[in-house]
Amino acid sequence: MIVVTGATGNIGRPLTQALAEAGEQVTAVSRRAAAVPDGVRHLVADLAEPAGLTPALEGAKALFLLLSGDMHAPDARPGDIIDAAAAQGVRRVVLLSSQGVATRPLGPTRVAMRALEDKVRESGLDWAILRPGGFASNAFAWAESVRTRGVVAAPFGDVGVPVVDPADIADVAAACLLDDRHNGGIYALTGPQVVTPRQQAEAIAAALGTPVRFHELTRDEAKAGMTRFVPAELADDTLDIISAPTPAELDISQDIERVLGRAPRAFGDWVARNIAAFR
């Protein structure tokens with residue numbers, strides 16, 4: 001049995017599907033009831049209360065750990081989840097971490113994530129750590145405004161990073177959960193090229209076949225929108241990166257190709273698969 005947290009999200013959905021198609025027994029964990037692939041067990045649980053994960057972890061051999069936004073808050077205790085997994089006999093953990101742990105280790109949420117990485121490494125379990133940069137799926141935040149007004153609103157319109165397709169993250173996670181060769185691996189996950197928000201809007205417009213206008217937000221406006229969903233510390237850490245990425249944050253990692261034997265998907269590929277959300 002493999003337990004997938006965040007199983008109904010942009011990474012968890014394709015990961016759950018991939019594991020099920022590989023013939024694995026899977027328990028999908030999310031905060032709310034949701035549809036899951038045939039043969040997959042679903043459990044509603046909150047990661048902030050690790051005791052609620054016990055029914056999912058019983059008899060599990062591996063855990064994919066993806067933290068919800070509130071689990072990045074200063075008072076969160078995500079390390080308790082590792083303790084709960086070890087106590088239930090889980091043998092392997094694959095942690096979704098963040099590129100910023102390596103590139104900006106002093107950011108408040110990066111310090112906390114580094115502590116969680118250390119907890120995983122010191123747990124005595126087999127482990128792998130995934131450090132993606134920005135997600136292509138963050139563009140879903142623009143779907144409603146594109147549908148209703150033909151507008152993409154984002155800060156730092158001409159500053160790009162190599163955003164990664166969540167489906168690629170899911171494929172790497174599946175490999176790490178299933179293949180012993182990835183034990184102890186730490187993988188930086190990026191897309192194949194740097195793409196700016198303005199270029200992302202152009203890609204969406206091209207796929208729609210209709211104009212999409214780009215509107216540049218101020219940092220304060222962007223933060224106000226982000227803090228509706230994530231702690232202020234995480235919003236600030238993210239805005240620091242996308243406003244002025246370091247050379248390391250602009251680097252195109254080869255890790256997806258090393259793990260999967262193929263190049264990472266481009267942003268345009270993600271748009272093509274998800275264009276219905278913008279129509």
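Every value quoted in this text rests on a predicted model; they were computed, and no experiment measured them.
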Residues that, via side-chain heavy atoms closer than 4.5 angstrom, fall in one hydrophobic cluster with [X]:
{"X": "I241", "result": "none"}
{"X": "L66", "result": "I2, V4, I11, L15, L19, V26, V36, V40, F64, V94, L96, L130, F135, V164, I169, V172, L177, L178, Y187, L189, I256, V259, L260"}
{"X": "L217", "result": "none"}

Minimum heavy-atom separation for [X] to [Y], with atom names?
{"X": "M1", "Y": "G59", "answer": "CB-O, 3.9 Å"}
{"X": "F214", "Y": "G157", "answer": "CZ-CA, 3.4 Å"}
{"X": "A232", "Y": "T227", "answer": "CA-CG2, 3.8 Å"}
{"X": "T218", "Y": "P155", "answer": "O-CB, 4.3 Å"}
{"X": "P264", "Y": "D168", "answer": "CA-OD2, 3.4 Å"}
{"X": "G52", "Y": "A45", "answer": "O-CB, 3.9 Å"}

Return the set of residues passing side-chain contact (heavy atoms from CB on, under 4.5 Å) with [X] (not counting sequence neighbours), or none when no residue passes.
{"X": "D251", "result": "none"}
{"X": "L250", "result": "V194, P245"}
{"X": "A266", "result": "P192, Q193, D269"}
{"X": "E21", "result": "Q17"}

Backbone N/O of [Y] and side chain of [X]: donor-acceptor pair under 3.5 Å:
{"X": "W142", "Y": "V151", "value": "no"}
{"X": "Q199", "Y": "T196", "value": "yes"}
{"X": "S253", "Y": "A188", "value": "yes"}
{"X": "T190", "Y": "I252", "value": "no"}

Flag if over 12 foreign heavy atoms under 6.0 Å of CZ, R279:
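Yes, CZ of R279 has more than 12 neighbouring heavy atoms, counting only those of other groups under 6.0 Å.
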Answer yes or no: are there more than 12 heavy-atom neighbours, outside R181 itself, under 6.0 Å from its atom CZ?
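It does not: R181 CZ has 12 such atoms or fewer within range.
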Can you pull the ring pair (Phe, Tyr, Trp, His ring centres under 6.0 Å) pairs that have at least one residue in residues 256-279, sequence neighbours excluded?
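Every pair satisfying ring pair (Phe, Tyr, Trp, His ring centres under 6.0 Å) with a residue in residues 256-279: F140-W270, F267-W270.
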Among R219, R110, R104, find the one that has a salt bridge (charged side-chain N to carboxylate O under 4.0 Å, His left out) with D240.
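The residue from R219, R110, R104 that satisfies salt bridge (charged side-chain N to carboxylate O under 4.0 Å, His left out) with D240 turns out to be R219.
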Can you tell if the side chain of [X] reaches within under 4.5 Å of the side chain of [Y], non-hydrogen atoms only?
{"X": "K61", "Y": "Q25", "value": "no"}
{"X": "Q88", "Y": "L63", "value": "no"}
{"X": "P197", "Y": "V152", "value": "no"}

Which pairs, with at least one residue in residues 197-217 and sequence neighbours excluded, count as a salt bridge (Lys or Arg N to Asp or Glu O under 4.0 Å)?
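Sorted pair list: D158-R198, R198-E216.
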Taking only residues at least two apart or on different chains, which pairs with a member in residues 79-89 satisfy salt bridge (Lys or Arg N to Asp or Glu O under 4.0 Å)?
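The answer is R77-D80, D83-K119.
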Same cluster (ILVMFWY, side-chain, under 4.5 Å), [X] and [Y]:
{"X": "V159", "Y": "V195", "value": "no"}
{"X": "I129", "Y": "L47", "value": "yes"}
{"X": "L67", "Y": "L57", "value": "yes"}
{"X": "I186", "Y": "V111", "value": "no"}
{"X": "V3", "Y": "V120", "value": "yes"}

Roughly how far, to the nearest 0.5 Å, is the NE2 atom of H215 from the CZ atom of R149?
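So the CZ of R149 and the NE2 of H215 are separated by 8.5 Å.
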With rounding to the nearest 0.5 Å, note down the distance linking CG in L239 to CG in L234.
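Going from the CG atom of L239 to the CG atom of L234 covers 9.5 Å.
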Indicate yes or no: does R121 engage D118 in a salt bridge with an N to O separation below 4.0 Å.
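Result for this pair is yes, salt bridge flagged.
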Between R131 and S97, is any side-chain donor less than 3.5 angstrom from a side-chain acceptor?
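No, no side-chain donor-acceptor contact under 3.5 Å.
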Can you list the residues that meet the salt bridge (Lys or Arg N to Asp or Glu O under 4.0 Å) rule with R92, with sequence neighbours excluded?
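R92: salt bridge (Lys or Arg N to Asp or Glu O under 4.0 Å) contacts with D126, D180.
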How would you list, by chain and number, every residue that makes a side chain to side chain donor-acceptor pair (under 3.5 Å) with D165, sequence neighbours excluded?
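R273.
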